[in-house]
Each structure stands twice: as C-alpha cells, then as structure tokens.
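The analysis underlying the following values was restricted to heavy atoms, covering all of them including side chains, and did not include hydrogens, waters or symmetry mates.
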Amino acid sequence: MSVKLKKPKEFKRLLAIDGYSVEGFARRIGGVSASFDRYMKGQGMRPERAKKIAEVLGVEMSDIFLF
C-alpha cells in the first residue's frame, strides 16, 4: 500500500508553521530531502513513513494523506 500527500503545498506550509525546512524536517524524521521532493511531486510512501510524518506534525494521517 502506498500513501500520498493530499496537497503538497499545504504540507510545505505545515512544515514552515512548525519552523522546518523540507531538508530539516527530513532529518528530523530520519529521512532525506530527496525523498520529500519526490513525495511532493506525487510519489507515494510507505504507511509507516506517513504515520511518522503525521505524528511529528501533530496531525491526523487523514488530514494530509490520501490512502
């Protein structure tokens, strides 16, 4: 199963509100910024990664991801 961002621009806005750059957030959750660039272009990710992202941002997975 693959999970995708609903609205990549909204995701980037959430990162900025929390004080993260894409690169800084990727490091925070143990990823690399190249992966996040792909996610923002519509590539899917594993549900485990999506869950970690939602937890760190303090949102529900359904708020920012399509299943």
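The structure places CD1 of Ile53 at 5.0 Å from CZ of Phe11, a figure rounded to the nearest 0.5 Å. Here CE of Met45 is found 9.5 Å from OG of Ser35. Values are rounded to the nearest 0.5 Å.
Linking Ile, Leu, Val, Met, Phe, Trp and Tyr residues whenever their side-chain heavy atoms come within less than 4.5 Å leaves Val3 and Leu66 in two separate clusters.
Ring planes of Phe25 and Phe36: perpendicular class, angle over 60° (limits at 30 and 60°).
The nearest pair of heavy atoms linking Gly44 to Ser2 is CA-OG, 3.0 Å. Closest non-hydrogen pair, Val32 versus Ala26, comes out as C-CB, 3.6 Å. Between Glu23 and Ser33, the closest heavy-atom pair is CA-CB, 3.8 Å.
Using a 4.0 Å cut-off between charged side-chain N and carboxylate O, Glu48 and Lys52 make no salt bridge.
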Quick one, Arg13 with Glu10, criterion salt bridge (Lys or Arg N to Asp or Glu O under 4.0 Å). Give me CA distance, side-chain angles, the key distance, then yes/no. CA-CA 5 Å; Arg13 187 182 74 78; Glu10 177 68 14; 2.6 Å; yes

Could you check Tyr20 against Leu14 for side chain to side chain contact (heavy atoms under 4.5 Å, CB included), going step by step and ending with a plain yes or no? CA-CA 9 Å; Tyr20 292 108; Leu14 286 173; over 6 Å; no

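Annotation: side chain of Lys51 is in contact with side chain of Met61 (closest heavy-atom distance under 4.5 Å). Residues Ile29 and Arg49 meet the side-chain proximity criterion, which asks for heavy atoms closer than 4.5 Å. In this structure, the side chains of Ile17 and Leu57 stay at 4.5 Å or more apart for every pair of heavy atoms. For the pair Ile64/Lys7, no side-chain contact is recorded, criterion being any heavy-atom separation below 4.5 Å from C-beta on. Looking at heavy atoms from C-beta onward, Leu5 lies in side-chain contact with Met40 at the 4.5 angstrom threshold.
Between the side chain of Asp63 and the main chain of Glu60, a donor-acceptor pair closer than 3.5 Å is present. Distance alone, capped at 3.5 Å, is enough to place a donor-acceptor pair between the Lys6 side chain and the Ser62 backbone.
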